[in-house]
Amino acid sequence: MSDPKIVRLVTGEELLCKITDSNENHVTIENPLIILPTADGKIQFLPYMAYADFKTLPLRTQDIMFVVNPSSRMADKFLEATSGIITNDTKIVT
């Protein structure tokens, strides 16, 4: 399974997702979550197009501005949201 990525669309939307396939014309993503800033300076994740029934979504490469790696904490949150696996971010202090 590939690592999650942040895909920025030309519309300004930022999607936290897995890229499952790509070629020169399309990038196929899986389990996209839209990243939304909240009023208190935090971020929220919501399913992208929650009203649609799909597993993967092809995007035209011309509609993508860039793709970057999320922070490790954001990647963990993606794993929690899409798999039901809860990660533990506590550290052992010695």
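Computed over heavy atoms, backbone and side chain alike; hydrogens, waters and symmetry mates excluded.
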Study note, to complete from the structure: The side chain to side chain contact (heavy atoms under 4.5 Å, CB included) partners of Pro47 (sequence neighbours excluded) come to Ala50
Review point. Do Met74 and Ile43 touch side chain to side chain, with heavy atoms closer than 4.5 Å?
Key: yes
Check your understanding: Could you state the interatomic distance from SG (Cys17) to CD1 (Ile34), rounded to the nearest 0.5 Å?
Key -> 11.5 Å
Check your understanding: If you group Ile, Leu, Val, Met, Phe, Trp and Tyr by side-chain heavy-atom gaps below 4.5 Å, do Met65 and Leu57 land in one group?
Key -> no
Point to revise | Atom pair CG/CG of Leu79 and Asp3 - distance to nearest 0.5 Å | key: 10.5 Å
Check your understanding: Just by modelled atom types, is the Thr20 backbone N or O under 3.5 Å from a matching donor or acceptor in the Thr28 side chain?
Key -> no
Exercise for review: For Leu15 and Leu9, run side chain to side chain contact (heavy atoms under 4.5 Å, CB included): C-alpha distance rounded to whole Å, both residues' side-chain angles, the deciding distance at 0.1 Å, then the answer.
Suggested key: CA-CA 8 Å; Leu15 305 177; Leu9 303 178; 4.0 Å; yes
Review point. Considering residues at least two apart in sequence or located in another chain, which fulfil the side-chain hydrogen bond (donor to acceptor under 3.5 Å, both in side chains) criterion with Asp40?
Key: Thr38
Review point. Linking I/L/V/M/F/W/Y whenever any side-chain heavy atoms sit under 4.5 Å apart, do Leu59 and Met49 land together?
Key: yes
Exercise for review: For Asn31 and Phe78, work out which heavy atoms get closest and say how close.
Suggested key: O-CE1, 3.3 Å
Review point. Can you name the residues that form a side chain to side chain contact (heavy atoms under 4.5 Å, CB included) with Asp63, not counting sequence neighbours?
Key: Val10, Arg60
**Study point:** Pro70 versus Lys5, closest heavy-atom pair with distance
**Key:** CD-CA, 3.9 Å
Study note, to complete from the structure: Sorted by chain and number, sequence neighbours left out, side chain to side chain contact (heavy atoms under 4.5 Å, CB included) with Phe66 holds for Arg8, Val68
Study note, to complete from the structure: side chain to side chain contact (heavy atoms under 4.5 Å, CB included) filter on Ala39, not counting sequence neighbours, yields none
Review point. To the nearest 0.5 Å, how far apart are NE2 in His26 and CD in Gln62?
Key: 8.5 Å
Exercise for review: Any salt bridge (charged side-chain N to carboxylate O under 4.0 Å, His left out) involving residues 44-59? Give me the pairs, sequence neighbours left out, ordered by first then second residue.
Suggested key: Glu30-Lys55
Review point. Does Asp21 have any side-chain hydrogen bond (donor to acceptor under 3.5 Å, both in side chains) partners at least two apart in sequence or in another chain, and if so, which?
Key: none
Review point. Partners of Thr11 by side-chain hydrogen bond (donor to acceptor under 3.5 Å, both in side chains), sequence neighbours excluded?
Key: Glu13
**Study point:** Ser72: side-chain hydrogen bond (donor to acceptor under 3.5 Å, both in side chains) partners, not counting sequence neighbours
**Key:** none
Study note, to complete from the structure: Residues passing the salt bridge (charged side-chain N to carboxylate O under 4.0 Å, His left out) test with Lys42, sequence neighbours excluded, are none
Practice item. Find out if a path of hydrophobic residues (ILVMFWY) with successive side-chain heavy-atom gaps under 4.5 Å connects Phe45 to Tyr51. Key: no
Check your understanding: Can you tell me how far OG1 of Thr56 sits from CD1 of Ile29, rounded to the nearest 0.5 angstrom?
Key -> 9.0 Å
Exercise for review: Tell me whether Val27 is reachable from Tyr48 by hopping between hydrophobic residues (I, L, V, M, F, W, Y) whose side-chain heavy atoms are closer than 4.5 Å.
Suggested key: yes
